[in-house]
Amino acid sequence: MSKYLITGATGELGSSAITHLSKSVHASEIAVLVRDAESKKAKSYKEKGHELKVADYDNKEALVAAFKNIDALYFVSGSDIPSREPQHKNVIEAAKEAAVKHVVYTSAGRKDDSQNSPVAMIMDAHIKTENWLKESGLDYTILRHNLYAEVVPMFLGEKEALLGSKTVFLPTEAGKTRFALRDDLAEAGMHVLKNYKNHANKIYTLNGPEALDFAAIASILTKITTEEIAFVSLNVETFKSTMTSYAVPEEAIDMMLVFSLGIAAGEFNSESNDLEVLLGRKPKAISELLEQVYS
């Protein structure tokens, strides 16, 4: 009997991963890493029979203790981008000290590893983490996730805002992305984690089923809302001023800009079908998510 540990257990990806793994693995075999054992989500996991492990990525000693007796670790990448590099180093060093047998890391898909890439500041920690894993002596699987489909509603705003402007404003030009639903990525990750011995030292690039630009997404939204939704690819300065006029916070504008320029450069237009192979079915289309959000 293997012991699995899911990090980021209270986040969207980690929560979905636990749900999928629980369908075929007994709750007692699944440990969950949380920062606060008294949180509502943590208590619900304990009630279901999961072992709670309390630590965060900033505390290496706590991580070592949490990783003891763990066979396979699902390492969800940190969400705090400025702190991601030291945090990820802590996780890998702790996994090695605790003698974890296998690490499944949720990395990010991209085409250009150089500092010239528009998404270099996002990808740098992922690239370093992948290299640390390869050099660690640990068995690993790297899952290079494409952009979550869920970022599209974040970029476009709520239904009322979209219907108010009836326009998608993003400087993505004609760049295409194979957006993948977060739940599909979690399900695929659990297929790998549960059968980790069959995936030792492999790298998978996980894409959604179709490469779409935002003109195509605007067309999908037109069908869903029955309102004509246009797509306009603005230059950087006009994009910033337009988003500022809608009271979008500067930090959010900067993040949207980084990903938009990456999309325009084709960073997320990969042709790999690894996600379909791991799932044993076609990944869900982004239209399913957009229907839920904007219908």
Side-chain angles (χ1 to χ4, degrees), residues 7-8 11-14 56-58 60 75-93 103 105-136 140 142-157 168-180 182 185 203-208 211 213-214 233-244 246 248-270 272:
T7 73
E12 296 291 342
L13 181 65
D56 62 55
Y57 290 173
D58 292 310
K60 180 182 168 183
F75 171 18
V76 176
S77 60
S79 58
D80 183 356
I81 294 173
S83 302
R84 192 179 270 168
E85 187 174 324
Q87 288 179 341
H88 285 193
K89 199 164 191 178
N90 282 343
V91 173
I92 292 170
E93 290 179 354
V103 177
Y105 172 56
T106 66
S107 189
R110 71 275 172 181
K111 285 191 174 181
D112 184 359
D113 282 352
S114 78
Q115 291 299 310
N116 296 322
S117 167
V119 291
M121 55 97 59
I122 301 291
M123 296 300 167
D124 192 48
H126 287 301
I127 294 167
K128 288 178 179 176
T129 304
E130 291 182 13
N131 290 333
W132 292 330
L133 268 174
K134 293 172 185 176
E135 296 162 1
S136 68
Y140 63 85
I142 293 168
L143 305 178
R144 291 179 175 168
H145 290 178
N146 207 319
L147 293 187
Y148 295 159
E150 286 79 3
V151 305
V152 173
M154 289 174 59
F155 286 174
L156 304 187
V168 174
F169 296 105
L170 284 170
T172 53
E173 301 177 8
K176 294 184 177 182
T177 300
R178 290 183 178 268
F179 293 101
R182 185 189 288 113
L185 294 170
I203 299 174
Y204 298 110
T205 299
L206 306 185
N207 300 314
D213 59 21
F214 272 89
S233 182
L234 308 170
N235 62 46
V236 170
E237 291 308 316
T238 306
F239 172 73
K240 287 182 176 180
S241 61
T242 301
M243 291 298 105
T244 301
Y246 282 103
V248 178
E250 183 178 356
E251 184 178 349
I253 294 172
D254 290 342
M255 191 57 63
M256 290 168 66
L257 187 57
V258 166
F259 283 110
S260 292
L261 295 178
I263 290 170
E267 289 285 356
F268 309 110
N269 188 12
S270 163
S272 167

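Both backbone and side-chain heavy atoms feed into the values below; hydrogens, waters and symmetry mates do not. Heads up: numbering here begins at 1 and tracks the sequence.
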For the residue pair Asp58 and Gln87, confirm or rule out a side-chain donor-acceptor distance under 3.5 Å.
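Yes, Gln87 and Asp58 have a side-chain donor paired with an acceptor closer than 3.5 Å.
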Applying side chain to side chain contact (heavy atoms under 4.5 Å, CB included), name anything that partners [X], two or more places apart in sequence or on another chain.
{"X": "Met121", "result": "Val258"}
{"X": "Lys60", "result": "Val64, Asn90, Glu93, Ala94, Glu97"}
{"X": "Ala174", "result": "none"}
{"X": "Ala108", "result": "Met123, His126"}

Donor-acceptor pair, side chain of [X] and main chain of [Y], under 3.5 angstrom:
{"X": "Glu267", "Y": "Asp112", "answer": "yes"}
{"X": "Ser117", "Y": "Val119", "answer": "yes"}
{"X": "Ser260", "Y": "Leu257", "answer": "no"}

Roughly how far apart are Phe214 CZ and Leu156 CG, rounded to 0.5 Å?
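Taking CZ in Phe214 and CG in Leu156, the distance rounds to 6.0 Å.
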Nearest-0.5 Å distance, CE of residue Met256 to CD1 of residue Ile263:
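Answer rounded to 0.5 Å: 10.0 Å.
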Show which side-chain atoms of residues 142-155 pair as donor or acceptor with protein atoms under 3.5 Å away, not counting sequence neighbours.
from: Arg144; atom 1: NE; to: Glu130; atom 2: OE1; distance (Å): 3.4
from: Arg144; atom 1: NE; to: Glu130; atom 2: OE2; distance (Å): 3.1
from: Arg144; atom 1: NH2; to: Glu130; atom 2: OE1; distance (Å): 2.6
from: Asn146; atom 1: ND2; to: Arg178; atom 2: O; distance (Å): 3.3
from: Asn146; atom 1: ND2; to: Asn207; atom 2: OD1; distance (Å): 2.8
from: Asn146; atom 1: ND2; to: Phe268; atom 2: O; distance (Å): 2.9
from: Glu150; atom 1: OE1; to: Arg182; atom 2: N; distance (Å): 3.2
from: Glu150; atom 1: OE2; to: Arg182; atom 2: N; distance (Å): 3.3

Of the non-hydrogen atoms in [X] and [Y], which two are nearest, and what is the gap between them?
{"X": "Ala180", "Y": "Gly208", "answer": "CB-N, 3.7 Å"}
{"X": "Leu234", "Y": "Phe239", "answer": "CD1-CA, 3.8 Å"}
{"X": "Thr129", "Y": "His88", "answer": "OG1-ND1, 2.9 Å"}
{"X": "Thr172", "Y": "Ser233", "answer": "N-OG, 3.5 Å"}

Indicate yes or no: does Asp80 engage Arg84 in a salt bridge with an N to O separation below 4.0 Å.
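Salt bridge between Asp80 and Arg84, a charged N being under 4.0 Å from a carboxylate O: no.
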Do Leu261 and Glu173 have side chains that approach each other closer than 4.5 Å (heavy atoms only, starting at C-beta)?
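Not touching, per the 4.5 Å side-chain cut-off.
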So do Val103 and Ile92 actually touch side chain to side chain, heavy atoms under 4.5 Å?
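SC-SC contact between Ile92 and Val103 ruled out.
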By the definition side-chain contact (heavy atoms from CB on, under 4.5 Å), identify the one residue from Leu13, Thr106, Thr7 that meets it with Ser77.
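Among Leu13, Thr106, Thr7, the one meeting side-chain contact (heavy atoms from CB on, under 4.5 Å) with Ser77 is Thr106.
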Could you check Ile81 against Ile122 for side-chain contact (heavy atoms from CB on, under 4.5 Å), going step by step and ending with a plain yes or no?
CA-CA 7 Å; Ile81 294 173; Ile122 301 291; 3.5 Å; yes
Partners passing ring pair (Phe, Tyr, Trp, His ring centres under 6.0 Å) against Tyr57 (at least two apart in sequence or in another chain):
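Checked Tyr57 against ring pair (Phe, Tyr, Trp, His ring centres under 6.0 Å); matches are Phe75.
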